[in-house]
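Data block below; observations after.
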Amino acid sequence: MSMPSEDTSARPVALVTGPTSGLGAGFAKKFASHGYDLVLVARDEERMRVLAEEMKALYDTECEILQSDLATTSGREKVALRLGEGVEVLVNNAGFDTSGEFWTEEPKLLQAQLDVNVTAVMQLTRAALPAMIASVNGTIINVASVGGLLSGRGSTYSGSKAYVISFSEGLSGGLRGMGVRIQALCPGFIRTELHQRAGIDMSSIPKAMWLSVDEVVAASLADLENGKVISIPGIQYKVLTTVGRLVPRSLVRRVNKQRSAEGGRAHNGR
Ligand SMILES: NC(=O)c1ccc[n+]([C@@H]2O[C@H](COP(=O)([O-])OP(=O)(O)OC[C@H]3O[C@@H](n4cnc5c(N)ncnc54)[C@H](OP(=O)(O)O)[C@@H]3O)[C@@H](O)[C@H]2O)c1
């Protein structure tokens, strides 16, 4: 991560979506600890206020709070407007999973998931890039998932994350030489509020498959420095995704079918 200048009036700014818990809170705290001011974007204003106070006390961070529901057009427009003014870092982190089968899940919820996991990532990246390109300086971290590399039964979540990976990877080629870095971060299971919010029972997941927020943030930033566009934190997930890509798609489909018959959710990393 590039370090800010000594002049405090010119502190760099990181805009983080979904900083009220989990991975987003981890990214916000890490950037604040590196001297960045923050723009916080989520629905829960009270939790953002608590985080802002904590960051001010710890690092003298200035936090702008943008209360916004990224599932709505007006919510995304509000954030896009702020990005147009210029930020050094954008972390498109907000996202959510669902627990039901596709054909029984509320259509409205599925649309909201697409809007938060995909539309917001695309629109906010589009809003941030012109200022980053003009200043030949910028970093965009798009939080995807291992689930976007190895599709499981939760088809809409995996599908949304596959979009984020393909979109970010493609864009990285176009941005070469323009001073803007882009990454698709693909974590496996992280202990956050995601599964609880979705009502997914995770009790059968082996301990070895869990990553910590700090581990994922550190891996993402190290991979950025090394110019890696697709970041897969944790050796267990590097192995899983490498093997997964070698396995024929027909076998993957057969395993998913078997899991369906057993009534379980795909546990390949969310
Ligand atoms: N946990 C995992 O195992 C895992 C694995 C791979 C990838 N990921 C990805 O990591 C990212 C962060 O998730 P997490 O695990 O940290 O989950 P989390 O603890 O549930 O945090 C999700 C964050 O997204 C925000 N958010 C959700 N819906 C929103 C909306 N409509 N508008 C604005 N903000 C919204 C939430 O804020 P408010 O509720 O305050 O709005 C919250 O801050 C997601 O993209 C997720 O898909 C997670």
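Both ligands and their constituent atoms are indexed starting at 1 by order of listing.
For the pair I190 and ligand 1, the shortest N or O to N or O distance falls below 3.5 Å. Checked against a 3.5 angstrom limit, the closest N/O atoms of A42 and ligand 1 fall outside it. Taking any N or O of L23, backbone or side chain, at least one lies under 3.5 Å from an N or O belonging to ligand 1. Considering backbone and side-chain atoms together, S145 places no N or O closer than 3.5 Å to any N or O of ligand 1. The shortest N/O to N/O separation between L70 and ligand 1 falls below 3.5 Å. Ligand 1 has a nitrogen or oxygen under 3.5 angstrom from a nitrogen or oxygen of L194.
In A144, the part holding a heavy atom less than 4.0 Å from any atom of ligand 1 is the backbone. Using a 4.0 Å cut-off between heavy atoms, R47 makes no contact with ligand 1 at all. Counting heavy atoms closer than 4.0 Å to ligand 1, residue A25 contributes nothing at all. By the criterion of a heavy-atom distance under 4.0 Å, the side chain of R197, and not its backbone, is placed next to ligand 1. Under 4.0 Å from ligand 1, the heavy atoms of K161 that appear belong solely to its side chain. Under 4.0 angstrom from ligand 1, the non-hydrogen atoms of V116 all belong to its side chain.
Near S68, the atoms of ligand 1 lying under 4.0 angstrom from a non-hydrogen atom of the residue are 32 (N), 33 (C).
Of the listed residues (A198, G188, A94, P233), the one carrying the non-hydrogen atom nearest atom 26 (N) of ligand 1 is A94.
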